[in-house]
Amino acid sequence: GNSVTQMEGPVTLSEEAFLTINCTYTATGYPSLFWYVQYPGEGLQLLLKATKADDKGSNKGFEATYRKETTSFHLEKGSVQVSDSAVYFCALISNSGYALNFGKGTSLLVTP
Amino acid sequence: DAGVIQSPRHEVTEMGQEVTLRCKPISGHNSLFWYRQTMMRGLELLIYFNNNVPIDDSGMPEDRFSAKMPNASFSTLKIQPSEPRDSAVYFCASSFEGNTIYFGEGSWLTVV
């Protein structure tokens with residue numbers, strides 16, 4: 001079946017540090033890949049997505065590249081801010097599916 | 001534009017009581033999802049509707065849970081009778097024709 005594996009959190013970084021959150025997936029065919037973000041007490045918001053191999057999704061300084069050869073979609077940001085503190089979810093929709101399969105989420109805390 | 005609207009935002013109820021969660025999807029969207037989020041199991045798909053018809057309810061935990069979508073602009077998720085293990089955040093989400101899935105703010109349920 002389809003599944004998403006994310007690195008365990010929590011991740012604690014100082015402001016302006018470089019962020020990487022690893023995400024790998026298992027799926028048949030060519031799924032679409034997503035990163036969602038959940039700020040404390042709020043719902044999930046789409047952060048970025050990529051729908052085919054080698055596509056790069058980007059938004060608000062975050063980037064992730066769809067790597068078919070390593071079945072990965074790692075999230076990166078060059079300089080994090082305190083306001084980036086949230087839980088980040090990697091997810092996929094298979095090419096024959098309709099619903100998001102989520103990873104467990106990675107909690108990020110950015111300190112001043 | 002209004003996003004996905006859920007109510008209530010927070011509910012505390014006693015074990016054995018009936019709980020009804022409500023959702024108004026984004027206007028024009030034809031797919032609707034109910035997800036449950038817990039610390040132990042993460043985000044789980046409960047049920048998926050397409051054009052108001054339940055397509056996949058394999059994630060509904062047991063007969064105590066039921067969901068309806070009487071029209072394109074309204075859905076309910078009902079738990080009867082509720083149990084403490086049902087305490088979770090319940091998210092409604094919608095999309096149009098397999099495009100980006102948008103989430104509501106969630107209904108935070110506590111059963112005591």
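In what follows, every chain begins at residue 1, and chains take the letters A, B, ... in the order their sequences are listed. Treat the numbers as computed from the prediction; the structure is a model and nothing was measured.
Proximity to chain B (any heavy atom under 4.5 Å) is shown, for A/L100, by both the backbone and the side chain. Using a 4.5 Å cut-off between heavy atoms, B/R41 touches chain A through its backbone atoms (N, CA, C, O) alone. Only the side chain of A/Q38 comes within contact range of chain B, judged by heavy atoms closer than 4.5 Å.
The neighbour count for A/K68 NZ, taken as heavy atoms of other residues, nucleotides or ligands under 6.0 Å away, is above 12. Residue B/E14 qualifies as open at atom CD: its count of foreign heavy atoms under 6.0 Å is 12 or below.
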* Asked: Between B/I101 and A/I93, does a side chain to side chain contact (heavy atoms under 4.5 Å, CB included) hold up when you go through it step by step?
  -> CA-CA 10 Å; B/I101 297 176; A/I93 298 177; 3.9 Å; yes
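Options B/V89, B/D56, B/L45, B/V4 differ in how many heavy-atom pairs under 4.5 Å they form with chain A, and the most are formed by B/D56. Of the residues considered (B/W108, B/F103, B/Y102), B/F103 shows the highest number of contacts with chain A, using heavy-atom pairs under 4.5 Å.
If you chain together hydrophobic residues whose side chains sit under 4.5 Å apart, A/V11 and A/L75 fall into the same group. Criterion: ILVMFWY side-chain heavy atoms under 4.5 Å apart, direct or through other members. Under it, A/F102 and A/Y88 are not part of a common hydrophobic cluster. In the hydrophobic cluster analysis, where Ile, Leu, Val, Met, Phe, Trp and Tyr join through side-chain heavy atoms closer than 4.5 angstrom, B/F74 is grouped apart from B/L21. The hydrophobic clustering, which links ILVMFWY residues whose side-chain heavy atoms are closer than 4.5 Å, places B/Y48 and A/F34 together. Hydrophobic clustering (ILVMFWY, side-chain heavy atoms < 4.5 Å, transitive): B/M15 and B/I79 are in one cluster.
Between A/Y98 and B/F33, the ring centre distance reaches or exceeds 6.0 Å.
Between B/M40 atom CE and A/K104 atom NZ the span is 8.0 Å, to the nearest 0.5 Å. With rounding to the nearest 0.5 Å, the separation of CD in B/E105 from CG in A/L44 is 10.0 Å.
Looking at every heavy atom in both residues, B/Q37 comes nearest to A/F89 through NE2-CZ, 3.3 Å.
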